[in-house]
Amino acid sequence: MVGPSRPQFVLFGSSIVQYSFSNGGWGAILADLYSRKADILVRGYAGWNSRRAVQVLEQVFPKDATIQPSLVMVYFGGNDSMRPNPLGLGPHVPLPEYIENMRKIATHLQSLSEKTRIIFLSAPPVNEEHIREQLSGIIGELNRTNKLCKIYSDACLELCREMDIKAVDLCTSIQKRKDWETTCFTDGIHLSSEGSKIVAEEILKVLKEADWEPSLQWNSLATEFGEDSPYDPVGTDGKTMNVSDDGVARLMQWGISNRN
């Protein structure tokens with residue numbers, strides 16, 4: 001491990017997490033905004049469901065680790081919600097089991113440390129027509145629908161209310177954009193840069209509004225080696241300029257509201 005030690009934010013989930021640094025992804029947005037403030041660690045596994053996630057919890061999040069994460073963002077649900085395969089294969093997980101799996105994940109994460117915070121991301125919608133066009137030759141008939149995604153999304157959100165866990169309702173937030181079906185996905189399922197921007201904005205809202213101590217909002221965390229220095233760039237007025245914390249500029253670069 002390199003130092004100095006920073007807060008660790010872990011992204012844990014399926015392909016929405018694994019690909020979160022691709023195509024202007026939401027993981028890349030967070031890593032950019034939190035540079036010199038927190039380390040963003042990706043533990044994403046494309047194609048996985050909540051059943052497989054539960055099987056590796058102790059390996060990904062060992063209870064005896066010297067340093068425990070300050071924040072874990074969890075996404076599972078889209079693959080779980082797929083229609084069952086007649087051979088019993090595939091990622092489908094029955095709704096009651098999905099709920100219990102997510103409960104097990106939350107309980108394990110809560111046991112890591114009193115300071116470990118959790119945000120669950122619910123299943124986002126999909127563009128069914130785009131899936132048919134892009135993936136029908138690979139996965140056959142449509143087995144992932146908005147109706148099923150909504151059922152699993154609602155179940156995730158209800159569990160979060162029950163366990164007092166922060167949540168991002170991706171199913172609703174993405175569909176607030178009028179042209180979401182044509183702009184938010186690369187293949188009908190995975191997020192484009194526009195879709196990821198919505199995810200990042202919603203996560204930043206949660207971090208801003210959470211009454212956590214200490215706060216994990218980006219502008220509340222100390223900037224590493226952020227002190228003034230005579231070696232800083234010099235402006236036209238002959239004075240040095242401390243450019244160590246340019247979070248507002250980064251938000252503007254990503255097209256995200258400065259209110260976050």
Side-chain angles (χ1 to χ4, degrees), residues 6-35 37-46 48-50 52-54 56-57 59-61 65 67-80 98 101-113 115-124 152-153 155-157 159-161 163-174 190-191 195-212 214-218 220-221 254 256 260:
R6 301 176 182 176
Q8 293 184 353
F9 293 3
V10 183
L11 317 183
F12 180 49
S14 55
S15 56
I16 295 295
V17 171
Q18 181 175 328
Y19 305 152
S20 65
F21 276 70
S22 302
N23 301 307
W26 58 277
I29 295 174
L30 294 177
D32 188 35
L33 183 61
Y34 277 88
S35 63
K37 293 175 179 287
D39 288 331
I40 310 297
L41 307 179
V42 178
R43 297 295 182 268
Y45 307 93
W48 277 36
N49 56 19
S50 63
R52 295 187 73 177
V54 168
V56 301
L57 274 177
Q59 294 169 265
V60 179
F61 301 101
I67 299 176
Q68 294 294 357
S70 297
L71 174 65
V72 183
M73 289 172 255
V74 180
Y75 166 71
F76 290 101
N79 293 326
D80 297 68
Y98 167 71
N101 287 342
M102 297 301 282
R103 188 190 305 278
K104 290 176 184 177
I105 293 171
T107 300
H108 181 80
L109 296 177
Q110 289 171 333
S111 73
L112 298 179
S113 163
K115 295 296 185 180
T116 298
R117 310 303 183 186
I118 307 169
I119 300 175
F120 274 10
L121 312 180
S122 77
Y152 280 69
S153 173
C156 177
L157 297 174
L159 177 65
C160 288
R161 285 188 287 268
M163 299 187 69
D164 193 24
I165 294 171
K166 302 296 183 184
V168 173
D169 182 357
L170 292 185
C171 193
T172 298
S173 58
I174 288 178
H190 300 105
L191 298 170
S196 276
K197 188 188 302 181
I198 294 172
V199 177
E201 286 179 331
E202 294 300 317
I203 290 171
L204 291 173
K205 286 179 185 177
V206 171
L207 292 171
K208 180 179 180 179
E209 296 169 1
D211 57 350
W212 292 334
S215 171
L216 298 179
Q217 186 182 10
W218 68 271
S220 295
L221 296 179
W254 289 105
I256 293 176
N260 290 319

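Note that these values count all heavy atoms, side chains included, but never hydrogens, waters or copies made by symmetry.
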Closest approach of Cys156 to Leu121 (non-hydrogen atoms, all atoms of both residues): SG-O, 4.4 Å

Verify side chain to side chain contact (heavy atoms under 4.5 Å, CB included) between Ile119 and Val74, making sure each step is shown before the conclusion. CA-CA 6 Å; Ile119 300 175; Val74 180; over 6 Å; no

Between the main-chain N or O of Phe76 and the side-chain N or O of Tyr98, is there a donor-acceptor pair closer than 3.5 Å? yes

Who are the ring pair (Phe, Tyr, Trp, His ring centres under 6.0 Å) partners of Trp48, not counting sequence neighbours? Tyr45

Kindly compute the distance separating CD1 (Ile203) from CG (Leu33), expressed to the nearest 0.5 Å. 11.5 Å

side-chain contact (heavy atoms from CB on, under 4.5 Å) involving Ser153 - partner list, sequence neighbours excluded: Ser122, Ala123, Leu157, Asp169, Cys171

Lys115 versus Pro214: any side-chain heavy-atom pair under 4.5 Å? yes

Before we go on, tell me: are the rings of Tyr75 and Phe12 under 6.0 Å apart, centre to centre? no

So, do Thr107 and Met163 sit near enough that their side-chain heavy atoms are less than 4.5 Å apart? yes

Salt bridge (charged side-chain N to carboxylate O under 4.0 Å, His left out) filter on Lys166, not counting sequence neighbours, yields none

Would you give the length of the straight line joining atom CG of Asn79 to atom OG of Ser50, rounded to the nearest 0.5 angstrom? 9.5 Å

Decide yes or no for Ile165 and Gln110: does some side-chain heavy atom of the first lie under 4.5 Å from some side-chain heavy atom of the second? yes

Who are the side chain to side chain donor-acceptor pair (under 3.5 Å) partners of Ser35, not counting sequence neighbours? none

On a heavy-atom basis, which atom in Ser20 and which in Leu11 lie closest, and how many Å separate them? OG-CD1, 3.8 Å

Residues Lys37 and Leu221: closest non-hydrogen pair is NZ-O, 2.8 Å

Under 3.5 Å, side chain of Asn49 to main-chain N/O of Arg52, donor-acceptor pair present? yes

Backbone N/O of His108 and side chain of Ser111: donor-acceptor pair under 3.5 Å: yes

Looking at every heavy atom in both Val17 and Val42, which two are closest together, and how far apart are they? O-CG1, 3.7 Å

Please lay out, stage by stage, how Trp218 and Leu207 fare under the test side chain to side chain contact (heavy atoms under 4.5 Å, CB included). CA-CA 8 Å; Trp218 68 271; Leu207 292 171; over 6 Å; no

Note, Phe61 side chain near Val72 side chain (heavy atom, < 4.5 Å): yes

Got a second to check how far Arg117's CZ is from Met73's CE, nearest 0.5 Å? 14.0 Å

Is the closest side-chain heavy-atom distance between Leu71 and Trp212 below 4.5 Å? yes

Val168 vs Phe120, side chain to side chain contact (heavy atoms under 4.5 Å, CB included): CA-CA, chis, key distance, verdict: CA-CA 6 Å; Val168 173; Phe120 274 10; over 6 Å; no

Quick one: closest heavy-atom pair of Leu216 and Ser70, and the distance? CD1-O, 3.7 Å

If you measure from CD1 on Ile16 to NE2 on His190, what distance do you get to the nearest 0.5 Å? 5.5 Å

Could you list the residues that satisfy side-chain contact (heavy atoms from CB on, under 4.5 Å) with Gln68, not counting sequence neighbours? Ala65, Leu112, Ser113, Thr116

Could you state the interatomic distance from CD1 (Ile40) to OH (Tyr34), rounded to the nearest 0.5 Å? 7.5 Å

Under 3.5 Å, is there a donor-acceptor pair between the side chain of Trp254 and the main chain of Gly24? no

Looking at every heavy atom in both Ala46 and Tyr19, which two are closest together, and how far apart are they? CB-OH, 3.5 Å

Stepwise side chain to side chain contact (heavy atoms under 4.5 Å, CB included) test for Ile256 and Ile29: CA-CA 10 Å; Ile256 293 176; Ile29 295 174; 3.7 Å; yes

Please identify each residue that fulfils salt bridge (charged side-chain N to carboxylate O under 4.0 Å, His left out) with Arg6, with sequence neighbours left out. Asp39, Glu224

Could you check whether any side-chain heavy atom of Val199 comes within less than 4.5 Å of a side-chain heavy atom of Leu191, counting everything from C-beta outward? yes

Which distance, rounded to the nearest 0.5 Å, do you find between the NZ of Lys205 and the OG of Ser173? 8.0 Å

